[in-house]
Amino acid sequence: MEIRIVQATPDKLKQKPTDESKLGFGKIFTDHFFTVKYHGDKGWYDPVIEPYRSLELDPTAMCLHYGQEIFEGLKAYRGKNDEIFLFRPTENIKRMNASAERLCMATIDPDLVMDAIRKLVILEKGWIPRGEGTSMYIRPTMIATEPALGVHPSNEYLFFIVVGPVGAYYPEGFSPTKIFVSDEYVRAARGGIGAIKAAGNYAASLFASRIAIDQGYTQVLWLDAIQRKYVEEVGTSNIFFVINDELFTPPLAGTILPGITRDSVIRLARSWGIKVDEKSLSMEEIVAAQADGSLKEVFASGTAAIVSPVGQINYKGQVYVINGGGIGSLTQKLYNEILQIQYGEKEDPFGWRVKISG
Ligand SMILES: *Cc1c(COP(=O)(O)O)cnc(C)c1O
């Protein structure tokens with residue numbers, strides 16, 4: 001399918017931000033976006049990159065009532081010689097289709113999505129910031145648009161991609177976060193939709209997250225839904241523990257998001273000869289490891305921050321300071337390595353980097 005491109009007229013072009021230190025995250029979007037529509041009778045049709053605009057939806061569009069809405073998040077990085085790179089984009093596209101399958105939404109041709117990302121990012125190349133750690137965030141989204149009430153899978157969908165410049169996650173360097181263990185509210189149960197990037201998961205997480213924030217914590221550490229015992233994820237990131245010389249992370253058992261950064265961390269660590277165990281760890285085991293000094297590092301992983309060191313954990317009112325509140329050496333090494341691969345500053349032994357321009 002050929003993607004039409006409708007350019008915004010020069011008078012409609014937005015002012016690009018001038019101060020890259022003030023980009024923040026998710027506030028600025030570019031001049032164009034991509035859309036493609038789906039109808040059960042004709043499949044996907046009319047892919048187009050067009051001037052950024054509001055969407056028009058019928059008030060009964062099914063996404064507004066029954067929550068068939070999924071998304072992805074990835075980034076485009078500008079290298080030193082103005083080359084533009086993506087990081088493992090086919091993994092995001094695969095995961096988007098896995099999310100679509102799980103919510104009975106239409107799956108989409110991965111080549112069309114890749115073509116759309118590539119063309120949109122190249123068209124908006126001038127918006128990709130240059131500062132260290134900055135990038136262009138890419139948000140593919142799919143919503144159910146059939147105008148109908150009654151719970152059933154929608155017969156119509158809109159898939160769109162918006163992009164926008166985002167600032168460095170750590171403008172002042174790495175800073176360890178404080179996390180709050182939620183033993184009252186849970187994120188996902190086995191058999192539910194915790195393993196997909198469905199909008200509803202994030203709505204469901206807000207209440208516990210607010211409780212954590214009100215008490216001065218950055219994020220929630222989620223426990224398993226049944227026993228409220230085993231660690232699952234932190235906020236919207238995967239979680240890792242370094243105990244002695246071994247790296248632990250919860251297994252992909254249907255309740256956590258199969259993070260692409262998680263997978264990259266596991267592969268890199270193994271390639272460095274570190275033993276990685278995908279195993280459920282209970283809070284009791286973590287508290288015990290902290291008490292006997294074998295818990296060396298805790299960090300979260302995700303596209304936004306790559307890895308994010310955890311400095312404090314509040315569990316049942318007890319505060320545990322990890323690694324003296326400092327940044328672990330493995331956390332730092334993983335961060336540097338992945339960042340350098342993403343920006344084209346290092347060998348890419350796994351073939352993760354995709355150069356799309358330059
Ligand atoms: C997106 C996300 C992650 C991280 O996935 P990446 O592919 O590494 O960005 C982890 N957990 C949740 C709940 C997420 O939504």
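Both backbone and side-chain heavy atoms feed into the values below; hydrogens, waters and symmetry mates do not. Just so you know, ligand 1 is whichever comes first in the structure, and atom 1 is the first atom listed for that ligand. Note that the structure is a prediction, hence the values are computed from the model and not measured.
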*Asks:* Let me check something: any side-chain donor-acceptor pairs from residues 189-203 under 3.5 Å, sequence neighbours excluded? List them with distances.
*Replies:*
from	atom 1	to	atom 2	distance (Å)
Asn201	ND2	Ile193	O	2.9
Asn201	ND2	Ile196	O	3.0

*Asks:* Do the ring planes of Phe180 and Tyr217 sit parallel (below 30°), tilted (30 to 60°) or perpendicular (above 60°)?
*Replies:*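 Phe180 vs Tyr217 ring planes: tilted.
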*Asks:* Who else is in the cluster with Leu252 when I, L, V, M, F, W and Y are joined by side-chain contacts under 4.5 Å?
*Replies:*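 ILVMFWY cluster around Leu252 also holds Ile256.
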*Asks:* Please give the N or O to N or O pairs under 3.5 Å between ligand 1 and the protein, distances rounded to 0.1 Å.
*Replies:*
from	atom 1	to	atom 2	distance (Å)
ligand 1	7 (O)	Arg95	NH1	2.8
ligand 1	7 (O)	Arg95	NH2	3.1
ligand 1	7 (O)	Ile260	N	2.8
ligand 1	8 (O)	Ile260	N	3.3
ligand 1	8 (O)	Thr261	N	2.9
ligand 1	8 (O)	Thr261	OG1	2.6
ligand 1	9 (O)	Thr303	N	2.9
ligand 1	9 (O)	Thr303	OG1	2.6
ligand 1	11 (N)	Glu233	OE1	2.5
ligand 1	11 (N)	Thr236	O	3.4
ligand 1	15 (O)	Lys197	NZ	2.7
ligand 1	15 (O)	Tyr202	OH	2.4

*Asks:* Just jot down the side chain to side chain donor-acceptor pair (under 3.5 Å) partners of Thr141, sequence neighbours excluded, or say none.
*Replies:*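 With neighbours one apart ignored, the set is empty.
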*Asks:* Does either side chain, that of His32 or that of Glu124, offer a donor lying less than 3.5 Å from an acceptor on the other one?
*Replies:*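 Yes.
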*Asks:* Less than 4.0 Å between a side-chain N and a carboxylate O, is that true for Asp183 and Lys229?
*Replies:*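 Looking at Lys229 and Asp183, the cut-off is not met.
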